[in-house]
Amino acid sequence: VTWRAGFVLLVAAGLAILESVIPHLFHLRAARPDLLLIVVLYLALRDDVVQGAALSAATGYLSDLSSATPAFLYTFLAVLTFVVVRTAGAALRTEGGIQSAVVAFGATLGHSLVATLIFGFFTGSGLHFEAAPLLWSAFGTAIAAPFVFAVLRRLDASFQHADEAPGGLL
Amino acid sequence: VHSIFKRFREPIFVIALLAVPFVLFFVRAKKGRDLNALDRAVIFIIAPAEKVITLAVFGVVDAWQAYGALWGVREENLKLRRDNLKANQLEQQAAELKLENDRLRRLLDFVDKQPPARLLIARIVAVGASPHSHTLRIARGTDDGVVKGAPVIAPEGVVGIVSQLTGSYADVQLILSPLSAIPAIAQRTRSRSTVKGTGDIARCKLTYALRADDLQEGDVLVTAGGPGFPQGLRIGRAVNVVKKSHGLFLEADVVPAVDFSRLDEVLVVLDRAPAVPQGVASGPGAPGSGP
């Protein structure tokens with residue numbers, strides 16, 4: 001495990017805490033951003049395959065732990081999202097804030113639909129699509145995406161500087 | 001084999017990362033989650049941070065509100081004195097009514113078969129991290145006597161059940177969750193049905209309500225009792241009642257009595273034993289210490 005991977009996990013853990021606390025503090029019912037999904041998107045667009053997939057799985061596991069759904073649903077979905085976005089990565093550009101917001105909006109919609117399908121199909125609880133919460137969640141994630149991308153870019157930049165400097169961190 | 005593995009290292013690794021969680025999810029999809037040592041360790045680190053942030057923010061908000069409240073305290077004091085006088089009168093009337101009720105109950109030889117519940121007050125420290133989850137995290141766990149499956153309620157009505165636990169924290173699966181189903185009776189007609197979660201943040205579904213039942217818009221649904229929730233707790237109101245010309249059951253939605261986004265504390269039903277240990281309140285809304 002590299003230092004950078006460790007710090008990405010720390011950022012993910014911090015975002016998991018924020019994701020659990022902010023809706024409670026601000027009484028948000030619908031427009032809840034999926035912050036950990038944004039981390040997976042960043043990894044899919046920036047990281048190498050092995051490390052990115054492993055970190056995505058770890059990020060999904062964090063989401064799993066505080067969702068109390070059947071275990072490993074979000075771990076699987078995080079890796080699946082990583083693979084899909086990675087595959088489509090050539091067509092996606094996320095240099096600016098708006099671009100990352102658009103990618104996050106689309107990815108959240110896809111992620112939510114697949115989560116609802118898998119959950120309903122395998123738990124036997126049936127399929128219940130509710131468009132409004134799904135769109136609000138995607139909207140919240142899109143707003144949060146530029147900030148999370150900026151934090152992770154800054155993290156990567158600091159490691160690049162450390163690499164370039166003599167006697168760097170890695 | 002080694003060269004093949006080396007050549008396809010990345011796809012093999014990614015496929016394994018996809019396959020392992022999916023198989024584990026598939027195997028356990030219809031079961032609850034039992035936390036292992038790693039799960040407990042991660043929650044042990046994350047949950048206190050959630051608790052500290054929540055308590056700190058609420059502390060600041062409370063302090064600010066207390067400061068603001070000082071401005072109107074004299075007028076409020078006068079109003080409270082007047083209210084207090086009225087409350088004393090009502091209390092005396094209520095005491096009389098209670099005595100009368102007790103006499104009548106004895107006359108009718110009515111015995112409440114349901115033993116009193118032991119309730120534990122728990123502070124909510126966080127909600128489920130994923131927007132798709134329907135859970136709350138409370139600062140009470142196995143150390144406080146909470147068990148998996150324990151009903152969780154609020155003064156307004158039913159909240160959900162405890163779905164996973166550590167020593168100091170528990171996750172509560174809300175009645176909104178698609179995995180939730182509660183036996184219910186309509187307060188007015190006493191007809192039985194089941195309230196199921198659908199994943200919608202504001203509504204549940206009423207199932208197995210007979211079409212012949214006289215269920216109407218706005219009818220209050222309460223818990224039917226049994227091994228889960230104590231009997232008579234408010235679940236919500238029936239809305240969108242549709243009685244088709246065919247079929248055995250009617251269709252309806254249920255608006256939960258509790259606004260889950262505005263809960264700060266909940267009550268965990270520990271068991272139905274009458275003993276009341278320290279820090280445990282008895283009866284809905286009874287005073288007790290927070291976490």
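A note on names: the letters A, B, ... follow the listed sequences, proteins ahead of strands, and every chain is numbered from 1. All values below come from the heavy atoms of this structure, side chains included, with hydrogens, waters and symmetry mates left out. Note that the structure is predicted; figures quoted are calculated from it, not measured.
The shortest distance between side-chain heavy atoms of B:Phe25 and A:Ile118 falls below 4.5 Å. For the pair B:Val57 and A:Val21, the minimum side-chain heavy-atom distance is 4.5 Å or more. At least one side-chain heavy atom of A:Arg32 sits less than 4.5 Å from a side-chain heavy atom of B:Val127. Contact annotation: the side chain of A:Phe119 approaches that of B:Leu179 to within less than 4.5 Å [non-hydrogen atoms, C-beta and beyond].
Residue-environment remark: CZ (A:Phe26) stays at or below the threshold of 12 foreign heavy atoms within 6.0 Å. Other residues, nucleotides and ligands contribute only 12 or fewer heavy atoms inside 6.0 Å of the OH atom of B:Tyr208. Heavy-atom neighbours of B:Arg237 CZ from other residues, nucleotides or ligands within 6.0 Å: at or below the threshold of 12. Taking a 6.0 Å sphere around CZ of A:Phe147, one finds it holds 12 or fewer heavy atoms contributed by other residues, nucleotides or ligands.
Contact of A:Tyr61 with chain B is made through the side chain alone, with heavy-atom distances under 4.5 Å. At a 4.5 Å heavy-atom cutoff, the contact between B:Val125 and chain A is made by backbone atoms alone. If you measure heavy-atom distances from B:Arg137 to chain A, the contacts under 4.5 Å come from the side chain alone. For B:Ala19, no part lies near chain A; criterion is any non-hydrogen pair under 4.5 Å. Proximity to chain B involves both the backbone and the side chain of A:Ala54, based on heavy atoms less than 4.5 angstrom apart. Using a 4.5 Å cut-off between heavy atoms, A:Val50 touches chain B through backbone and side chain atoms alike.
Between A:Leu62 and B:Ile46, the closest heavy-atom pair is CD2-CD1, 3.7 Å. Closest approach of A:His24 and B:Ile124 over heavy atoms only: NE2-O, 3.2 Å. Summarising the geometry of B:Val14 relative to A:Ala53, their closest heavy-atom pair is CG2-CB, 4.0 Å, with the distance given to 0.1 Å. Closest approach of A:Leu80 to B:Leu18, counting heavy atoms only: N-CD2, 3.5 Å.
Separating the CG atom in A:Leu65 from the OG1 atom in B:Thr166 is a distance of 10.5 Å, to the nearest 0.5 Å.
Between A:Phe76 and B:Phe22, the two ring planes are tilted [angle within 30° to 60°].
Top candidate by heavy-atom pairs under 4.5 Å with chain B, chosen from A:Leu25, A:Thr75, A:Thr116, is A:Leu25. The residue among A:Gly14, A:Ser112, A:Ala78, A:Ala115 with the most heavy atom pairs within less than 4.5 Å of chain B is A:Ser112.
B:Glu50 contributes no side-chain N or O that, together with a main-chain N or O of A:Leu18, makes up a donor-acceptor pair within less than 3.5 Å.
Contacts from residues 38-45 of chain B to chain A, taken as heavy-atom pairs separated by less than 4.5 Å, involve B:Leu38, B:Asp39, B:Val42, B:Ile43 in sequence order.
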